[in-house]
Amino acid sequence: MMGLRSSGPGASAARPKTVVIADDSVVVRGLFARWLGESGRFHVVAVAGDGEMAVEHAMRYRPDIMVLDLDMPGVDGLAALPQIVRESPRTAVLLATTLTERNARLALQCMTMGAMDVLPKPESRGGMTLSLDFRSEFLLKLASIAQSAHSTLAAATDDEPVPALPDGVDLRPLISVMPRYLVVGASTGGPRAVAKVLADIGDGLQDLTTLVVQHMPPLFTASFAEQVAAQVGVAAREPYDGERLSRGTVYIAPGGRHLGIDRRLGHIVARISDGPPVRFCRPAVDVLFSEAAHHLGPAALGLVMTGMGSDGTEGAGALRRTGAAVIAQDEASSTIWGMPGSVVRARHASAVVALEDIGPAIRSLVHGGRTS
């Protein structure tokens with residue numbers, strides 16, 4: 001057994017989450033295990049130096065979380081992942097990989113196969129050892145993954161009940177203008193969920209200008225845009241600053257930069273900026289939503305999807321004050337009900353909708369109530 005169990009007051013109230021670390025570097029394995037043990041919230045039950053051993057440990061320990069490297073000898077992370085998901089379906093998988101275009105594409109592929117999130121590792125081991133930011137991000141992602149949707153809701157709503165919301169998913173009575181823009185915010189679990197919604201909207205996307213903030217690092221967002229284009233069959237790309245926005249195109253916020261909206265020479269254009277993070281996020285959903293509220297008003301339809309934290313709550317409120325509708329993904333279908341749950345508790349959601357129903361609801365809305 002590795003790691004440290006919490007021994008302080010209240011330790012018995014919350015069992016430390018079990019973790020398996022799979023990485024071909026003994027230095028990285030030791031570093032991750034030490035960080036997790038020192039946190040008091042995790043118990044590292046085993047480590048693996050290759051994908052084959054990672055699968056064996058998944059079968060033996062059924063851990064709560066697997067930290068999985070993509071680049072390992074023999075059976076790599078990409079090959080091991082489907083076996084881990086099959087043998088231990090309750091294990092949440094966090095990918096930890098160096099930041100390259102190849103790994104960005106593979107990580108997105110892994111997220112469609114069941115991985116929950118990805119953490120880019122510093123290029124050098126020295127950078128990993130010395131970076132307090134990386135350690136903090138690593139522990140934050142593990143902590144968010146460790147929270148089940150039900151525990152997140154319970155902790156956040158002990159003293160504040162979730163407000164009543166309109167029944168059903170017909171938003172037409174709630175809007176004053178037929179939306180021409182769809183603005184989307186997502187984080188953990190978002191790539192697969194966003195792609196599904198866009199695919200379910202189908203040809204309705206041709207009547208919408210779609211802008212997406214998906215919390216991702218650089219390189220990953222470009223690969224995500226390529227993935228959306230291939231899976232959904234629409235034009236999808238990262239916009240450049242000042243680019244005139246067009247219907248039928250999906251614009252993905254570039255990693256590490258804010259995506260907003262501006263009006264220049266009478267046209268609605270993308271605004272790309274390197275402003276400071278908002279609620280620790282860059283790109284930030286709040287930036288996109290707030291500027292959509294200012295320049296588009298009720299012509300925008302907001303959608304807040306799975307993800308940790310509260311990014312998007314303030315922007316959703318700005319949209320609602322203009323008469324725009326805001327959809328929040330429901331708890332049961334969210335990987336983490338942080339962002340949409342925060343919008344719901346702030347009473348900024350027009351409706352709370354299951355993932356499988358979001359696309360059809362938007363499609364019906366833009367088609368004036370027709371389903372096809």
Quiz item: Between the side chains of N103 and T98, does any donor sit under 3.5 Å from an acceptor?
Solution: yes
Quiz item: Can S333 and D330 be counted as having a side-chain donor-acceptor contact under 3.5 angstrom?
Solution: yes
Exercise. Hey, could you give me each pair passing side-chain hydrogen bond (donor to acceptor under 3.5 Å, both in side chains) that has a residue in residues 220-235? Not counting sequence neighbours.
Key: T221-E238
Quiz prompt | side-chain hydrogen bond (donor to acceptor under 3.5 Å, both in side chains) contacts in which one or both residues fall within residues 287-310, not counting sequence neighbours | solution = R271-E291
Run the side-chain contact (heavy atoms from CB on, under 4.5 Å) test against [X] and tell me which residues pass, sequence neighbours left out.
X	result
P283	V213, A253
A107	L70, L95, V118, F220
A225	I252
V85	L81

Exercise. Return the set of residues passing side-chain hydrogen bond (donor to acceptor under 3.5 Å, both in side chains) with R102 (not counting sequence neighbours), or none when no residue passes.
Key: D71
Quiz item: Can you name the residues that form a side-chain hydrogen bond (donor to acceptor under 3.5 Å, both in side chains) with R135, not counting sequence neighbours?
Solution: E38
I'd like to check the salt bridge (charged side-chain N to carboxylate O under 4.0 Å, His left out) partners of [X]; sequence neighbours left out, ordered by chain and number.
X	answer
D76	none
D207	none
D262	R264

Self-check item: Where at least one partner belongs to residues 42-56, residue pairs that pass salt bridge (charged side-chain N to carboxylate O under 4.0 Å, His left out), sequence neighbours excluded
Solution: none
Which atom names give the shortest non-hydrogen contact between [X] and [Y], and what distance separates them?
X	Y	answer
R282	P276	NH1-CA, 4.2 Å
A54	M66	O-CE, 3.4 Å
A300	P179	C-CB, 4.4 Å

Quiz item: Roughly how far, to the nearest 0.5 Å, is CE of M308 from OG of S144?
Solution: 4.5 Å
Exercise. Among V183, T209, T210, find the one that has a side chain to side chain contact (heavy atoms under 4.5 Å, CB included) with Y251.
Key: T209
Quiz item: Should the ring pair F134 and F138 be called parallel, tilted or perpendicular, given that the plane angle runs from 0 to 90° and is split at 30 and 60?
Solution: parallel
